[in-house]
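Note that the coordinates shown come from a computational prediction; the quantities given were computed from them, not determined experimentally. Residue numbering restarts at 1 for every chain, and letters A, B, ... go by the order of the sequence lines.
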Amino acid sequence: MTTVPARLSGIRLARMRDLTLVPAILLLLVVGAIVDPVFLSSANIVNVLQQQTELSLLVLAETIILIGGRFDLSLESTVGLAPALGVALVIPAASNGLGTSWPSALAVPIILLVGLLVGALNGLLILRFGLSAFIVTLGMLIVLRGLQIGITGGQNLFELPPSVLYLGNATWLGLPLSIWLCGLLFAIGIAALGWFRHGRAVYAIGGNVDAARAAGIRSDRVIWIVFMVGGTLAALAGLLMTGRLGSVAAAQGQGMIFTVFAAAVIGGVSMDGGKGTLFGALCGVLVLGLINNILTLAGVSAQWIQAVYGLIILVALILARVTTGKAQDS
Amino acid sequence: MTTVPARLSGIRLARMRDLTLVPAILLLLVVGAIVDPVFLSSANIVNVLQQQTELSLLVLAETIILIGGRFDLSLESTVGLAPALGVALVIPAASNGLGTSWPSALAVPIILLVGLLVGALNGLLILRFGLSAFIVTLGMLIVLRGLQIGITGGQNLFELPPSVLYLGNATWLGLPLSIWLCGLLFAIGIAALGWFRHGRAVYAIGGNVDAARAAGIRSDRVIWIVFMVGGTLAALAGLLMTGRLGSVAAAQGQGMIFTVFAAAVIGGVSMDGGKGTLFGALCGVLVLGLINNILTLAGVSAQWIQAVYGLIILVALILARVTTGKAQDS
Amino acid sequence: MTDATGASTVPAVEAVHTSKRFGATTALHDVSMSIAPGSTHALVGRNGAGKSTLVSLLTGLQSPDAGAIAFDGKPAPPVADRSAWRRRVACVFQRSTIIPDLSVAENLFLNRQGGDNGSLVRWGALRRKAAELLQEYAVDVDPAARAGDLGVEQRQLVEIARALSQGARFIILDEPTARLDATAIDRLFGRLRALSATGVTMLFISHHLQEIYSVCDTVTVLRDARHVLTAPVADVDHDALVAAMTGEAVGLTEVEARPPVGDDTRVALGLKDLTLHGSYSGIDVDVRAGEIVGVTGSGSSGKVALAETVGGLRRPTSGTVSVGDAPVPPGSVPAALAAGIGLVPQDRHREGLIPLLSIAENATLPIAGSFGRFGYVAPGRLRDTARSFIDRYDIHAEGPSAPVSSLSGGNAQKVVLARALSTAPSVLVLINPTAGVDVRSKESLLGAVRAAADTGTAVLMVSDELDDLRHCDRVLVMFHGRVVAALPAGWSDTDVVAAVEGVNR
Amino acid sequence: SSTTPSADKTDAKGGQIAVDLPRADSDFWNSYAKYIPQYAKDSGINLMTPTNSQNDIAKLVANTQALTSQGAKAIVMAPQDTGAIATTLTQLEQKKIPVVTVDTRPDKGNVFMVVRADNRAYGQKACEFLGTKLGGKGKVIEFQGSLSSVNGRDRSEAFAECMSSKFPGITVFAEPTDWEGAKASAALQTRLAQHPDINGIYMQAGGVFLAPTLQLLRTKNLLVPPSDPKHIFIVSNDGIPQEFDAIRKGEIDATVSQPADLYAKYALFYAKAAVDGKTFQPGKTDHDSTIVKVREGLLEDQLPAPLVTKDNVDDSALWGNQIGK
Ligand SMILES: Nc1ncnc2c1ncn2[C@@H]1O[C@H](COP(=O)(O)OP(=O)(O)OP(=O)(O)O)[C@@H](O)[C@H]1O
Ligand SMILES: Nc1ncnc2c1ncn2[C@@H]1O[C@H](COP(=O)(O)OP(=O)(O)OP(=O)(O)O)[C@@H](O)[C@H]1O
Ligand SMILES: [Mg+2]
Ligand SMILES: [Mg+2]
């Protein structure tokens, strides 16, 4: 709770905290290489990265929202609803569409717009009505998932326009486009949060909203934008997942939000706002992805794989605590 | 974020906040009676109450932990693991037991003990190692669920000793024993939190841990006890569920924790600690139970039921906000 | 409108018939005030009189329910236009507006990290600018440090530097000195006088009336949300000012000399060779029953850490604390309480009070076990005890069940004191007990401390305020972790200041 | 939404029958849900609005209690969690409300009839098909369902037993997926990097695994006709139209058609029979199936679940060829 004041420069401190997970990642790389030489092959590494792209976009969104001192559980349902709605509006009714059969070029814009609107609605309810973010976004999570089932009748959507498939599938210069995209978005996010006034405003609001307001930051507006960006990123994650898996599953995204929080918090993002970096969060994503990959390669029995996975996360946390010697926030 | 407490006496305020949901409950009762006259039959009401007993015990546990300013996600996995372990240790290997075949009278004590130990372990990791409660209990959630699958091989256990079945099944004076038990535990909880020193200490710690410490409250010890009580209650909930459903399901408890938080937060418990009452939380449980029951009785189509459910929760929140005119905490 | 000298007579800032209510509380009622350009205007009043509320109107953080604000004769900008407000007024708020997880440099230039319009942040340039600013105001802080790691005083200095650096021609300081030591206050005043000389207008809020006389030219008094008087400071003497604030025409009583504590009185609190690395070392102090011992020193003298050690909040590296003859187990508040030590901690917001709980519960936390068996807290007995505290310590509140968050600073501090005294301790440790407390409340607070001492309680009082220290039987001065002087009663102000600055070594 | 018929009205019609659907997010169960009202109308059954327990046993219990309160005379359910329904079954038995379970057989407790295809047979059929196609050697990846689902477990066990006894030359990689397409896709991607020579896939649920698998193979250029040596033999399970399309295109090789239509038809048939007081004996039925007595108080009508390959994919009797047409 109370931090131990060390007279370290803030920047240096933040950087150090960022690097907390780097030893863990290195350790995992070594373990992976021992488990199976295939692990270090570029194909496998690319696979790991690609499998984490959607998760990492959600983590990007949630991290920004958490830094701003808020909370969004509904991201995981946007991952399903946005593509479902976008696709259902453009495909024929025979393929479980809504029968509107809009031009299929509209699918991608609609998908992103749905995400934006969900974020805007969350922000509206939280900021204008002063409702608790936890409960608004939990309600939204249930509503959106319900809407997806209502719209699709619980069916998977298989007939996808090529534009929807493109992003999750294409390869540029030998790497999946989704990896490039994630890299780019994280770079933009890191730059914006680290070197731009509006990004710094998010930290200020999350750290002390009254102080931020006194300094002239329009905190409501900033937070609203953050929610909209978050929703849009979640929709994009849904788009990538749809392309990668070739269909919009009725349960798409379900259960992801726990992993999203786990990655962010393991990566040093505080649930109390104002603390954490996107680089740290990205490391959190990588750690989880590597653990998963190694467990698969090692062929841990299905019966015990979950227990082992959880145990590794717990041990990683304790190690991170012991090595950095810093208490974490509740 | 910042609340603007009206200058009302604390007690009156707390009482009023407690009663926020009472109109909602009355409204639901009226709506239910209109939807189907069966709704108000004592059999139906008893069913609704009994169905909520396990949830309400988890909410009881989580509310105390939240008031103390902490967090426990692993409760839902204790609901499954504790009975699974307790039963597996006493039944023969042929019925998917572990082969130890301990005397079956030990089952119930073991189940409760497992809950206690899980709580103690959570507390230990959080308090002694200074780890984040969110991430410790999330890790624990995964580990415990994994352990349950590991121990049972994913099988349901259905050869249960009668002692394990008793609590969830027996009827006393025409009401299921589990309802009496819940009523009793809530009464104890309300008394302890409202009128006993140790309960008030939980509020003090959740409200301002530094001040509580400076006032001589052994906050670590209190919180540790709170975690242990929480774990034990979760195990008891698992025991009730096992008795009511007649087996230990491999996925027992899975997905409950969201509902637990929803009930607590709808009931006015703050995620920031130090605020909320058990009576409010209990009202939250009732509201969710009644909504579910009414939707079933009304025969809302399976396709839309989830969306409707989520929407009702959201609307209820907005109404609560408008009628009490109070901003909620994030 | 110009006067004879050609200077503008349009007030730099004006509040016209402003009112503000919070629920049932009227915080300001039809208050008008105008501040002449270039003047240094004092705003005084008891805790809860409405000073901070007026500040929030003048800074545009809240808009008045009735009335208006004007700058230079022109209506104030709309509340939403924060940058327009910030061009007109800068403020050091009473509540900290430091963001702990950001660096000092960033806190200094919050929301203008890249200059006033730029949005790209150049960290190197920002740190250099911050370093220059800090140097200009003689604040010895690393601009790259995490603001949350700073001490209370340093944080306050950062806030002041930030407000002064914004280039506004009107600056509000809401109790800027409550957390500063004498030297820092002197430096601040030097700075304020220099600014004033350049024509900057200032509004200065303080409970230290002598500060008003030393830096301000005009004073406005608020009482119970109403404007009482505005006059040149030269025209109101100390007693008149206090009378205006309290509404009672009584002069401040001189501090009554206490009968000396005899050498044969038993030692109630004994510190033997107490050392905490990095804070203080080799402290040997005996406090006799009924004796009040003051401890003072500059910010880094280790005085607060010493008091916190005695109270059980910190564990010393070596040495012992004993009450009577029995050593107290180190580093444990419950142990300290059990040994009979009561503590008023340094920061009432951070470690003193639990805002959502009632006055009654806050005041009785350590004795909650005494209201019934098995830990039962009988509501009736709790309320009765709390009522008796409210009477005894003169706490202005609606009643024992009001939440402490609804109290003004002085009354909140009395609750903390009531809590420390609730166990009837044989040793009372106080840290800055009167910070931010108005004159009247200060008197009653210190009166309660003296009353406790009269019944045989040994008091260890850490304070920077000479007014507090005057109540002490002797004053220990600490410098860099050691006791460098012990002044018996009858010291003069200069003795203390010299010792605090380490001059007499 | 809908009004509930009052109790006396239903008595006139011979009692209302309640159906609880197990989940709303699977193609297979959605098809089943579509067949239910259709067959109810065909056989003049007074059907209450179906409830949905969203794969949650506690909801199933709550729904059952509500339906009972509302006067259901027989209940059709598909408990996905087969252990946890025992107490409810006992209570229903005491209230003399017959129960027909579909797709799953309760571990404990009595029901009027279990309408089900043999899930062990699914695994068996898939194993035999793959084993034969691969000539008894090679590497096969298996997308298991959730370990906590009895159907998934039955399929996994039968598949594993058959593989180890009949085709010891085949290496099986069993991947736990919790019925999630994304997990299956990640596992397949990883395994293909580790063992590029994988030449068989068994997926336990086409509804969730089909699209992700095909998409991944397509990007890896592994979606080639059976004549190509790089071809990966794929057996699916469910029998949804998309699987049939894939079989026609040669993208997958076979699927086990779970009879969604027959499930709906015979569930209602037995429910009505129970209300009418009929009883049944073990033995062959008139609809190409066998009733077996699994244990005392539990009869099971084991419906046929045909293996669909390129040869019979256009058979119009398959339910997957009927929906949406
Ligand atoms: N946000 C608020 N909500 C409710 N009441 C408030 C609020 N802000 C101030 N008040 C009330 O308004 C009155 C005036 O408060 P204000 O902060 O202006 O006093 P003050 O003169 O600054 O006191 P102090 O010397 O203690 O700082 C008090 O009674 C206080 O309780
Ligand atoms: N949110 C609030 N709700 C109710 N009263 C408030 C609120 N904020 C401030 N006040 C009241 O305003 C008055 C002044 O409070 P302020 O915030 O200025 O600090 P304070 O309590 O005087 O502390 P200090 O002087 O130690 O800094 C007090 O009476 C306080 O209780
Ligand atoms: Mg004030
Ligand atoms: Mg004050």
Heavy-atom pair count under 4.5 Å with chain C, highest-scoring of A191(B), G206(B), A214(B), G274(B):
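Winner by heavy-atom pair count: A214(B).
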Exam field: side chain N208(B) to backbone R350(C), donor-acceptor pair closer than 3.5 Å
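Such a contact is found between N208(B) side chain and R350(C) backbone.
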More than 12 heavy atoms from other groups under 6.0 Å of CG on D224(C)
no
What pair of heavy atoms forms the shortest contact from [X] to [Y], and how long is it?
X: R197(B); Y: A368(C); value: CD-C, 3.3 Å
X: P355(C); Y: G207(B); value: CD-O, 4.2 Å
X: G352(C); Y: A211(B); value: C-CB, 3.8 Å

Measuring from [X]:[atom1] to [Y]:[atom2], what's the distance to the nearest 0.5 Å?
X: F374(C); Y: F196(B); atom1: CZ; atom2: CZ; value: 8.5 Å
X: I217(B); Y: L337(C); atom1: CD1; atom2: CG; value: 10.0 Å
X: L356(C); Y: I67(B); atom1: CG; atom2: CD1; value: 11.5 Å

Note: vs chain B, highest number of non-hydrogen pairs under 4.5 angstrom among G372(C), G369(C), A378(C), P400(C) is G369(C)
Is any side-chain heavy atom of R200(B) closer than 4.5 Å to a side-chain heavy atom of L357(C)?
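R200(B) vs L357(C): side chains touch.
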